[in-house]
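See structure below.
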Amino acid sequence: MTQDPLLSILNDAQHQAVTSDAPRLLVLAGAGSGKTRVLVHRIVWLIRDRKLTPSNILAVTFTNKAAAEMRERIGTLMRVPPGAMWVGTFHGIAHRLLRMHWKDAGLPENFQILDSDDQLRVIKRTLKYLNVDDSRWPPKQVQWFINNQKDEGRRPEHIEHFGDLHQKTLIDLYQHYQQACTRGGMVDFAELLLRSHELWLKKPEILAHYQSRFKHVLVDEFQDTNTVQYAWLRVLAGQQGHMTIVGDDDQSIYGWRGAKIENIQHFGKDVGGAEIVKLEQNYRSTSTILAAANAVITRNPDRLGKELWTNGEEGEPITLYAGFNEVDEARFISDRIDSALLNGKQRKDIAILYRSNAQSRVLEEALLRAAIPYRIYGGHRFFERAEIKNALCYLRLLCHRDDDAAFERVVNVPARALGDKSVEKIRETARAMNHSMWEAALYLVNNKGLAARAHNALRQFLGLIETLAQETLDLSLGEQTEIVVERSGLMDLYKSEKGEKAQARIENLQELVTAVRQFEIEGEQAPTLANFLDHAALESGDKQSEDADNAVQLMTLHSAKGLEFPVVFLCGLEEGMFPSAQSKDEPDRLAEERRLCYVGITRAMKKLYLSYAESRRLYGQEKMNGPSRFIREIPPTLMDEVRIKSTITRPVSNTYAGNSYGGGSGTGFGSGSSTRSGTTAKLPRKKRLREDLIDAPYRLGQRVRHKKFGDGVVLDCEGSGPNAQIHINFADVGEKRLVMQYAKLEEI
DNA sequence: AAGATAGTCGTTTTT
DNA sequence: CGACTATCTT
């Protein structure tokens, strides 16, 4: 019994959670408490000991990454891939249901998924059509409104406007937007969920089928569920179905996008009693880090209540640094990273976390100057990049001519003399005919409804799509994509442009072909183009070379959720930054900021650094915000405050400032003239270290020794071979340019 | 039909 | 301040 691989490795709480027979189980899983393990083991236990079949189980997550991990771990533990088990994201599962029951859901068989970019375009068009002033109703806000309503399960007819013109207009826009979607057979992300919820309500026999199939529903990150998601789950589980929900109210950080922390807070009451298991033993962090996390989060009201503990070591104290300004703060961080690397830490073991993306800039510059390779999370994902979306829109048109969003996007890309007025004409005609733009375009071409130039251009475009569709009919997906990328003219378009950007676009298009081929290989039996397009829409593609490159990780606190790093720098801890200015005066929002801080602290395994800048340049103005209240909430006994006096004098130049910092906290301003940002060399923002590494005789950041100049760090390499110029920052004499063949450098 | 330029705005992100 | 957009200009 003790050798049972399923249960023997679990602690008591985990064991209880895995083997509970309660029809409603709430697992309150603290950070680093083994929640995925519990989910995975519970699923396997249900199959083995409660004789469920894989098809009786539905496991829901938020991200594709989490779903993939769970699926894989279940497979490993069961030794067979759990084929019939549904493991996926809310959206993925909703999508699957809608594909299977499209008719009952009131959708066309070939409906397309609209990503937020497409959605915004459709909304802009709707605004134009209704002649709505886009300064009073900014498209982004309209989008937010629509998605919000959908997340709350509301259709336009459910919303009251109480005679308010603004609200009335929003509802109008929602309605017309929805009509546009219907006309083009388009379904946005929120619609996937709302539709499948409506499917449950509208078709009891379908609901009954799934209720009897899914005897057990398990949900991960339950604190992030919104209203529709929760309603959908509740209806599906019904009276009979078992529910296991796993989550942590203290890690609810997505309230601003519709997540309802109440879902987890009131779950027990809501379902008429649930067994609650708390996973409080933490396997990730030192007790010092946990004590800090507990101290912060305990200030929040209305918690379900949980306190992390560990059997592990106390570890090092937390280091707190008060930067003189944001540049100084960044320099401190890059310097400490440098030492950590010297002490044998891997770059990928180190993360810098911040509240908002704008903060990454200074950090990047400091890392670049210190020649430390880094990687920034965020920005556009693979399938969202403009060139990829253009290619995808051509593919979309191939399988669905009526996809207006796709039509509009590429009808004049590459430019083929179809100006705004021609497109407007097509749009109007479509509107009048109550048909898609494709139909309208056909009509216009057949009836000579356009000026000669536009007429020819449009005819050519329509012909191109038809030809491509026919000629690639029997080809593999990969070949099809390759041909579309070529013949659409997209490849030539980017080839004619110059610069790194265009080069990257060409490479991305090539990578798209690779991605399609990969999809073909991995997918079950001969996937169709439509399958791939769904995949592209639903998985915007992590395609960011994963942890292949060993680099310091920079990301927002939100993106860091779920991850862990041996060394964490949590920076920008100032009032107004973190907690953000917009949140600090509203209790609920402040509480969410505090949870975000809790999330940040609990990412650290061994060593945590906290830092802030006494003065920060923000929007072109110097601000003195003062240290974040979150710092004060951590017991001082857990922290060491670094106060390095500016003692080292160095030659005045624009070189890296080495080990001298501006004054510590309490020191007046202006005392550290050496750290003024004006002396900072301007570094090209887009230049990433990884690209510079190619063919360089030395790795950037490589430590080298020179007979005369002593030890230094390689900053840059120009050229290769014996005449290559090596740019080195020497500890003693500052920056030097040396020629490879004479330098006689020794690697250290 | 692309390029300059004025104007705006300024958390957090997944699907 | 600087990134992004919308509008104007050539």
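Residue numbering restarts at 1 for every chain, and letters A, B, ... go by the order of the sequence lines.
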Handout entry: Sequence-distant partners of F62(A), ring pair (Phe, Tyr, Trp, His ring centres under 6.0 Å), two or more places apart
Key =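 By the ring pair (Phe, Tyr, Trp, His ring centres under 6.0 Å) rule, F62(A) matches F90(A).
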Practice task
For F519(A), enumerate each residue passing the ring pair (Phe, Tyr, Trp, His ring centres under 6.0 Å) test, keeping only those at least two apart in sequence or located in another chain.
Solution key: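 F519(A): ring pair (Phe, Tyr, Trp, His ring centres under 6.0 Å) contacts with F532(A), H535(A).
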For [X], side-chain contact (heavy atoms from CB on, under 4.5 Å) partners two or more places apart:
X	answer
S583(A)	S580(A), R589(A), E593(A)
V187(A)	L107(A), F111(A), E191(A), L192(A)
L120(A)	K124(A), P139(A), K140(A), Q143(A)

Can you identify which nucleotide, out of [options], has its nearest atom closest to the [X] side chain?
X	options	value
S116(A)	dA1(B), dT12(B), dT15(B)	dT15(B)
A415(A)	dT12(B), dT15(B), dA2(B)	dA2(B)
E384(A)	dA3(C), dA1(B), dT15(B)	dT15(B)
R361(A)	dT12(B), dA6(C), dA3(C)	dA3(C)
N357(A)	dT15(B), dA1(B), dT12(B)	dT12(B)
R617(A)	dC1(C), dT15(B), dT12(B)	dC1(C)
Y619(A)	dT13(B), dT12(B), dG10(B)	dG10(B)

Practice task
Over 60° means perpendicular and under 30° means parallel, so classify the ring planes of Y210(A) and W86(A), tilted if in between.
Solution key: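 It falls in the tilted class, 30° to 60°.
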Handout entry: Distance below 4.0 Å between S559(A) side-chain N/O and dT12(B) OP1 or OP2
Key =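 Indeed not, no polar side-chain atom of S559(A) lies that close.
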Practice task
Report yes if at least one side-chain N or O of R416(A) is closer than 4.0 Å to OP1 or OP2 of dA1(B); otherwise report no.
Solution key: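 False: R416(A) side-chain N/O out of range (4.0 Å or more) of dA1(B) OP1/OP2.
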Problem - First encountered from the 5' end of DNA chain B, between E592(A) and T63(A) - result: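 Taking each residue's closest nucleotide, the earlier one in sequence belongs to E592(A).
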Exercise for the section: Take L418(A) and H558(A), find for each the nucleotide of DNA chain B with the closest heavy atom, and name the residue whose nucleotide sits nearer the 5' end. Expected result: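 On the 5' side of the pair lies L418(A).
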Handout entry: K65(A)/E69(A) ion pair, N-O < 4.0 Å
Key =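 Salt bridge absent between K65(A) and E69(A).
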Problem - K260(A) with E152(A): basic N within carboxylate O range, under 4.0 Å - result: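 Counted as a salt bridge, because a side-chain N and a carboxylate O are separated by less than 4.0 Å.
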Practice task
Using the C1' atom as the reference point in each nucleotide, state the distance between dA3(C) and dT14(B) in Å, no decimals.
Solution key: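 Looking at atom C1' only, dA3(C) and dT14(B) are 24 Å apart.
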Classify the nucleic acid contact of [X] as base, sugar-phosphate or nothing, counting any heavy atom under 4.0 Å across all strands shown.
X	result
F578(A)	nothing
A417(A)	sugar-phosphate
S580(A)	base
Q359(A)	nothing
S583(A)	base

Practice task
Output yes if the stacking criterion (under 5.5 Å between centres, under 30° between planes) is met for W256(A) over the base of dT12(B), else no.
Solution key: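 Base of dT12(B): stacked against W256(A).
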Exercise for the section: List in numerical order all residues of residues 221-231 of chain A for which some heavy atom is under 4.0 Å away from an atom belonging to DNA chain B. Expected result: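 DNA chain B contact set from residues 221-231 of chain A: none.
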